[in-house]
Amino acid sequence: MHIHSVLVGAAALAVGASAQTDGLSPPSYPSPWMHGGQGWDHAYKKAVEFVSGLTLLEKVNITTGTGWMQDLCVGATGGIPRLGFNGFCLQDSPLGIRFSDQNSAFPAGVNTAATWSKKLFKARGEAMGEEFRDKGVDVILGPVAGPLGRSPEGGRNWEGFAPDPVLTGVAMAETIKGIQGTGVIACAKHFIGNEQEHYRQQMSSNMDDATMHEMYMWPFADAVKAGVGSVMCSYNRLNDSYACENSYLLNHLLKNELDFQGFVMADWGAQHSGVASALAGLDMTMPGEQVFGVGTYSYWGGNLTAAVLNGTVPQWRVDDMAVRIMSAYYKVGRDKSRIPINFSSWTRNTTGYFHTLGEADFGVVNQHVNVQSDHKHVIREIGARSTVLLKNTKRALPLNNPKSVAVIGEDAHLNPAGINSCDDRGCDKGTLAMGWGSGTANFPYLIAPVDALRAQAETDRSTFVNISNNYDLNAIRAAAAGKSVALVFANADSGEDYITVDKNEGDRNNLTLWQNGDAVIAAVASVNPNTIVVLHTVGPVLLEAYKHHPNITAILWAGIPGQESGNAITDVLYGEINPSAKSVFTWGKEAKDWGVNILYNDSSKVPQMTFSEGNFIDYRHFDKAGIEPSYEFGFGLSYTTFEYSAIGVRKLQDDEYKPTTGKTNAAQTFGTVDKSPSANKMPKGFKAVKAYVYPYLDSTTGNSEGGNGDAPKGSQDGSKQRKLPAGGAPGGNSGLWDEMYEVSATITNTGKLDGTEVVQLYVSLGGPNDPPVVLRGFNDLAIPRGRSKAVRFKLTRRDISNWDAGKQDWVISDAPKTVYVGASSRKLTLKAVLA
Ligand SMILES: *[C@@H]1O[C@H](CO)[C@@H](O)[C@H](O)[C@H]1NC(C)=O
Ligand SMILES: *[C@@H]1O[C@H](CO)[C@@H](O)[C@H](O)[C@H]1NC(C)=O
Ligand SMILES: *[C@@H]1O[C@H](CO)[C@@H](O)[C@H](O)[C@H]1NC(C)=O
Ligand SMILES: *[C@@H]1O[C@H](CO)[C@@H](O)[C@H](O)[C@H]1NC(C)=O
Ligand SMILES: *[C@@H]1O[C@H](CO)[C@@H](O)[C@H](O)[C@H]1NC(C)=O
Ligand SMILES: *[C@@H]1O[C@H](CO)[C@@H](O)[C@H](O)[C@H]1NC(C)=O
Ligand SMILES: *[C@@H]1O[C@H](CO)[C@@H](O)[C@H](O)[C@H]1NC(C)=O
Ligand SMILES: *[C@@H]1O[C@H](CO)[C@@H](O)[C@H](O)[C@H]1NC(C)=O
Ligand SMILES: *[C@@H]1O[C@H](CO)[C@@H](O)[C@H](O)[C@H]1NC(C)=O
Ligand SMILES: CC(=O)N[C@H]1CO[C@H](CO)[C@@H](O)[C@@H]1O
């Protein structure tokens with residue numbers, strides 16, 4: 001897999017070298033320095049104390065990656081041997097430990113979101129945090145809020161949660177709290193606009209300020225409010241300026257307005273300049289070298305040392321980088337939770353190099369520590385509770401002792417070559433339980449649907465037959481005909497662009513099924529009047545035909561549920577778990593229904609993707625354009641039924657919003673810098689690892705960006721700075737979280753089974769440019785049959801505000817606002833005016 005990455009890195013460099021302009025993004029300097037505050041004071045104090053005792057080289061060391069494959073993790077910084085402080089270990093992925101063994105493979109983000117359960121969001125974060133912690137990882141490279149999911153074809157959408165900022169924001173916050181509670185730093189990524197895989201390394205995502213605030217940045221604000229320790233800037237540019245050197249993005253929006261106190265790291269190879277990125281707010285470069293996979297030379301490392309010594313980067317800026325990094329470390333308690341790394345990303349063998357690229361220090365690198373604990377339970381629970389029941393006619397489900405069962409489809413079976421046989425899951429063979437790319441983990445085991453269903457059939461003494469070959473339609477029809485139920489499995493996959501699967505370069509080329517899935521379903525449904533379709537897809541596929549097919553009695557979306565796939569779907573099919581999941585995206589009837597698309601083919605040097613649809617993605621677009629989907633956002637059935645009644649709205653307060661005023665403190669430096677060349681060169685006799693990135697000055701430093709390393713105007717100004725009206729606290733002005741209204745309703749379980757209903761709160765903001773409704777709250781309510789439960793939602797000021805680009809602040813418009821409580825984005829049963 002690193003071969004692919006080397007190629008990608010080289011391409012990125014070529015582009016970077018030719019594009020030194022800062023585009024059309026407004027400049028914003030100086031880079032805000034950390035000041036502590038809400039949730040950070042204690043960590044900040046400790047970090048300042050620590051950093052005050054460091055030399056310049058030591059500070060630079062913890063900001064700079066040591067190079068791809070140079071240490072044990074996918075990302076590593078230099079350490080401080082003088083203090084016995086190991087460098088940082090950063091590791092993929094958002095659904096489990098990548099490049100490891102004896103780890104769990106969790107449900108993907110999209111499944112997690114589909115549970116709509118804050119408790120499960122957090123429980124998954126906690127379980128993942130424990131696993132990373134116990135392997136010695138400092139920073140887990142997740143969770144994902146970018147891509148948000150602008151286009152359904154987007155290759156990495158499944159790594160994130162949902163194309164809705166509120167659902168994603170809540171999932172981000174709870175996941176981060178779960179992870180960081182275990183003593184591991186989380187990383188909110190990718191900031192921002194990385195909405196497709198094609199051209200991600202050079203394209204420019206252009207969005208207006210309101211769309212930035214109301215959609216794409218919203219879940220990052222929640223991440224910052226939840227105290228996330230790090231944020232990863234993305235590959236793409238915004239308004240032509242690379243995200244990792246875009247001062248408006250990092251300095252103005254993230255560090256000033258959102259008051260982010262942690263550190264910003266570059267996506268792997270997303271840095272394209274030394275001085276410019278440092279002054280624009282980048283704090284850590286990954287994987288460290290200029291040419292991905294080649295090592296030795298860096299935009300930072302010795303060049304950052306040189307830039308501080310020659311005065312281009314002020315000392316307070318490098319001190320701030322170090323303080324931010326160490327504050328994240330102390331904030332999550334890594335000073336107490338840290339253990340030495342006990343695995344290597346680069347071999348599954350027990351022995352290997354500690355510095356793989358440099359081929360140095362051979363020894364035991366993998367202790368194969370089993371970190372799975374009892375996490376399979378939460379994995380199975382999320383798997384089942386994320387399975388959306390889209391259709392259920394003729395009481396097809398739940399299954400109850402069927403006489404005979406046929407399980408059809410390659411997607412019900414394991415990849416015969418092995419569950420981890422394709423690097424980074426870069427193939428679509430057998431059942432799909434994870435997409436492909438860096439957002440993956442090795443499966444410790446994978447329960448195939450066919451095996452779990454066969455075990456259930458044995459318990460029930462049902463006759464059982466299965467077919468895995470999707471191209472033998474005769475055998476499929478023969479097996480399905482005459483059975484009490486035919487369960488047919490199909491999938492659709494996507495992933496990251498460095499792997500192409502069946503001509504899909506990360507992003508999906510279409511929205512139909514893979515592996516001949518449509519033909520398989522058609523064959524089964526042509527002979528069996530009780531055909532049940534199970535979909536393992538990374539996002540929506542076109543299923544309008546199945547919705548109306550009389551022989552297809554049920555359709556379920558099981559997403560990409562991770563290692564317990566077969567057990568989870570069996571739990572739902574047989575009613576062990578009454579489904580409660582709701583779809584976290586819209587199922588359109590045809591691809592053009594979504595109104596946006598991936599830029600697949602563009603020969604310009606910097607392909608431009610202008611998000612001219614603004615806020616109108618997914619259900620916002622379908623609603624506005626009046627397009628009837630197959631199934632809407634928020635839709636999902638249960639084996640029981642629920643009724644909604646008695647909406648109530650209570651105004652909680654009417655306090656005025658106070659724009660933040662005043663000034664920050666002046667920038668501070670911590671410790672002194674010894675400017676003598678001898679203090680900053682590689683010590684005599686130092687045993688350097690081949691191709692390793694070090695912080696030392698050498699003959700190649702002092703010119704880190706081709707003679708264009710001058711400091712932009714204002715970037716060296718360390719004086720007190722004016723605060724932004726919308727800023728002042730993590731996530732933005734604290735007044736945004738004032739609770740303005742309480743909305744209540746009563747939900748009654750009117751069916752014959754206990755069940756859980758995901759109750760949704762939508763608001764119509766009422767303005768001419770507002771979507772008909774936007775999601776603002778949700779609650780998964782477990783309600784015994786025949787009983788009622790009250791549900792209460794709080795609406796915050798942010799929930800009922802719009803971003804006013806002119807005022808540069810949130811405002812509650814004069815437009816009349818309506819609140820809805822319902823079972824989906826189109827079943828808005830209860831309605832009240834917000835007054
Ligand atoms: C990009 O340009 C648009 C239009 O001028 C502006 O509204 C937006 O704030 C800019 N965003 C960034 C990150 O520069
Ligand atoms: C920088 O980090 C590397 C790797 O941990 C280490 O070998 C080197 O000694 C460090 N340099 C300083 C000045 O601490
Ligand atoms: C693992 O060990 C085998 C056998 O000693 C060796 O051939 C192989 O190169 C090793 N793999 C790696 C990635 O080091
Ligand atoms: C049925 O499933 C098993 C795995 O449980 C598999 O080995 C076998 O090949 C499948 N049978 C057919 C006919 O596909
Ligand atoms: C859609 O893409 C998948 C995966 O490449 C492929 O198997 C399928 O045939 C394509 N569908 C159509 C209609 O071309
Ligand atoms: C439904 O299944 C029956 C077999 O039970 C078959 O005769 C009929 O043609 C099927 N209907 C459709 C629309 O395929
Ligand atoms: C991309 O566009 C070029 C020229 O416009 C064309 O030759 C090529 O076939 C297109 N490629 C794809 C994948 O559509
Ligand atoms: C200072 O050093 C940096 C980093 O190598 C370089 O980019 C920049 O051009 C230098 N500036 C001056 C004024 O020497
Ligand atoms: C500093 O940057 C320059 C220009 O990008 C590069 O040629 C040089 O190798 C870098 N030096 C180090 C020590 O990374
Ligand atoms: C190098 C090393 O042994 N690191 C750790 C590996 O994991 C075990 C169990 O969690 C720890 O005890 C080790 O310190």
Side-chain angles (χ1 to χ4, degrees), residues 1-3 69 71-73 76 79 84 86-87 89 91 97 99-103 129-138 182-184 334 336-373 405-420 423 429-431 442 445-458 463-480 483 486-489 515-516 520 523-524 565-567 569-570:
M1 48 284 153
H2 57 275
I3 301 295
M69 295 184 81
D71 286 288
L72 299 171
C73 300
N86 293 328
C89 158
Q91 191 69 12
I97 307 169
F99 293 154
S100 169
D101 55 22
Q102 308 286 321
N103 57 274
E130 284 169 11
E131 298 203 3
F132 282 77
R133 180 194 64 202
D134 294 345
K135 293 265 185 191
V137 175
D138 295 300
T182 68
V184 177
R334 282 214 63 68
K336 296 179 196 89
S337 62
R338 206 179 203 196
I339 58 161
I341 302 161
N342 54 38
F343 76 105
S344 167
S345 298
W346 317 118
T347 178
R348 300 277 49 80
N349 293 347
T350 298
T351 54
Y353 291 109
F354 281 88
H355 310 292
T356 301
L357 186 74
E359 298 189 335
D361 295 347
F362 197 84
V364 172
V365 290
N366 276 311
Q367 304 196 7
H368 311 288
V369 179
N370 190 334
V371 295
Q372 297 166 81
S373 181
V405 178
V407 172
I408 311 287
E410 180 180 332
D411 181 69
H413 298 75
L414 295 181
N415 178 353
I419 51 178
N420 294 316
D423 281 345
K429 300 211 175 93
T431 192
N442 289 326
Y445 62 83
L446 174 55
I447 307 289
V450 69
D451 296 322
L453 289 165
R454 185 189 292 106
Q456 178 69 45
E458 279 164 8
T463 314
F464 189 85
V465 58
N466 67 296
I467 303 282
S468 66
N469 182 348
N470 275 7
Y471 298 88
D472 190 348
L473 298 178
N474 289 329
I476 285 171
R477 278 186 289 261
K483 302 300 181 300
L487 298 161
V488 51
F489 286 75
Q515 301 175 337
N516 208 31
V520 172
V524 174
S565 177
N567 288 333
I569 193 66
T570 304

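Every number for a ligand or one of its atoms is a count from 1 in the order of the listing. All values reported here derive from a predicted model rather than from experimental measurement.
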Can you tell me how far the OG atom of S344 sits from the NE2 atom of H355, to the nearest 0.5 Å? 11.0 Å
Atom 4 (C) of ligand 4 - nearest protein heavy atom and its distance: D451 OD1, 3.8 Å
Below 4.0 angstrom, counting only protein heavy atoms, does anything approach atom 9 (O) of ligand 3? no
Considering heavy atoms of the protein only, find what lies nearest to atom 9 (C) of ligand 10 and give residue, atom and distance to 0.1 Å. V369 CG1, 4.0 Å
Top protein contact for atom 6 (C) of ligand 10, by heavy-atom distance: N342 ND2, 1.9 Å
Lys/Arg-Asp/Glu bridge criterion (N-O < 4.0 Å) met for R133, D138: no
Taking the six-membered ring for Trp, are F99 and W346 parallel (under 30°), tilted (30 to 60°) or perpendicular (over 60°)? tilted
Given side chains that start at C-beta, do those of K135 and D101 come closer than 4.5 Å, heavy atoms only? yes
State if V371 counts as touching ligand 10 under the rule of any non-hydrogen atom under 4.0 Å. no
Options V364, D134, L72, ranked by nearest heavy atom to atom 10 (O) of ligand 10, top entry: D134
Nearest to atom 14 (O) of ligand 4, what protein heavy atom do you find, and at what distance? S468 N, 2.9 Å
Answer whether the closest heavy-atom distance between the side chains of N442 and S100 falls below 4.5 Å. no
Atom indices of ligand 4 within 4.0 angstrom of R454 heavy atoms, with elements: 1 (C), 2 (O), 3 (C), 4 (C), 5 (O)
Enumerate the atoms of ligand 3 whose separation from the nearest heavy atom of T347 is less than 4.0 angstrom. 11 (N), 12 (C), 13 (C), 14 (O)
Any non-hydrogen protein atom less than 4.0 Å away from atom 12 (O) of ligand 10: no
For ligand 10, indicate whether the residue Q367 contacts it via side chain, backbone, both or neither (heavy-atom separation under 4.0 Å). side chain
Atom 5 (O) of ligand 3: the protein heavy-atom neighbour that sits closest, reported with distance to 0.1 Å: N349 ND2, 4.6 Å
T347 side chain reached by N366 side chain, heavy atoms, under 4.5 Å: yes
Yes or no: does W346 have any heavy atom under 4.0 Å from an atom of ligand 3? yes
N466 N/O to ligand 4 N/O under 3.5 Å: yes
Numbering the atoms of ligand 10 from 1, which are under 4.0 Å from a heavy atom of I341? 1 (C)
Any side-chain donor near an acceptor of the partner, Q102 and N370, under 3.5 Å: yes
Just verifying a value: how many Å separate I447 CD1 and I569 CD1, rounded to the nearest 0.5 Å? 14.0 Å
Report the distance from atom CG of D71 to atom SG of C89, rounding to the nearest 0.5 Å. 9.0 Å
Got F489 and T431 here, is their nearest side-chain heavy-atom distance under 4.5 Å? no
List every atom of ligand 10 that sits less than 4.0 Å from any heavy atom of I339, numbering the atoms from 1 in the order shown and giving each element. 5 (C), 7 (O), 10 (O), 11 (C)
Taking atom 4 (N) of ligand 10 as the reference point, the nearest protein heavy atom with its distance: P340 O, 2.9 Å
Rounded at 0.5 Å granularity, tell me how far CG in N466 sits from CG in L487. 11.5 Å
